[in-house]
Student: 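One structure, as structure tokens, below. Some questions next.
Values below: every heavy atom of this structure, side chains too, minus hydrogens, waters and symmetry copies.
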Amino acid sequence: MEQEILALFEKVLSRKVGFNDELIESDILDSILAVDLVLEVQDVYGCMIPPTEVATVLKTPADLARYIEENRG
């Protein structure tokens, strides 16, 4: 799962990130890229991320992986 998530981030961000990198605090992830990631997660994993949870779920790739494991459709 870790490699899948990192590949997803690399595809959307056009750069490599670490599994525990802080994406929002380090300005790697902006609101437009966050929307792209949310849509990609929905397409690939069938998992909706509520707008109120985006900042928490996309804080790090590890957080997203955990969320997908718990909410996969």
Student: Kindly give the heavy-atom pair with the smallest separation between Arg72 and Cys47, and that separation in Å.
Tutor: N-SG, 4.1 Å
Student: For residues 26-34, tabulate all N or O donor-acceptor pairs below 3.5 Å that involve a side-chain atom, not counting sequence neighbours.
Tutor:
residue : atom : partner : partner atom : Å
Ser26   : OG   : Glu22   : O            : 2.3
Asp30   : OD1  : Ile32   : N            : 3.2
Asp30   : OD1  : Leu33   : N            : 2.8

Student: Output side-chain donor-acceptor pairs under 3.5 Å for residues 48-64, partner residues at least two apart or in another chain, one line each.
Tutor:
residue : atom : partner : partner atom : Å
Thr60   : OG1  : Ala62   : N            : 3.3
Thr60   : OG1  : Asp63   : N            : 3.0
Thr60   : OG1  : Asp63   : OD2          : 3.0
Asp63   : OD1  : Arg66   : NH2          : 2.5
Asp63   : OD2  : Thr60   : N            : 3.4

Student: Show me the donor-acceptor pairs within less than 3.5 Å that the side chains of residues 5-17 make with the rest of the protein, sequence neighbours left out.
Tutor:
residue : atom : partner : partner atom : Å
Lys11   : NZ   : Glu40   : OE2          : 2.8

Student: Under the 4.5 Å side-chain heavy-atom rule for ILVMFWY, direct or indirect, which residues accompany Val35?
Tutor: Leu39
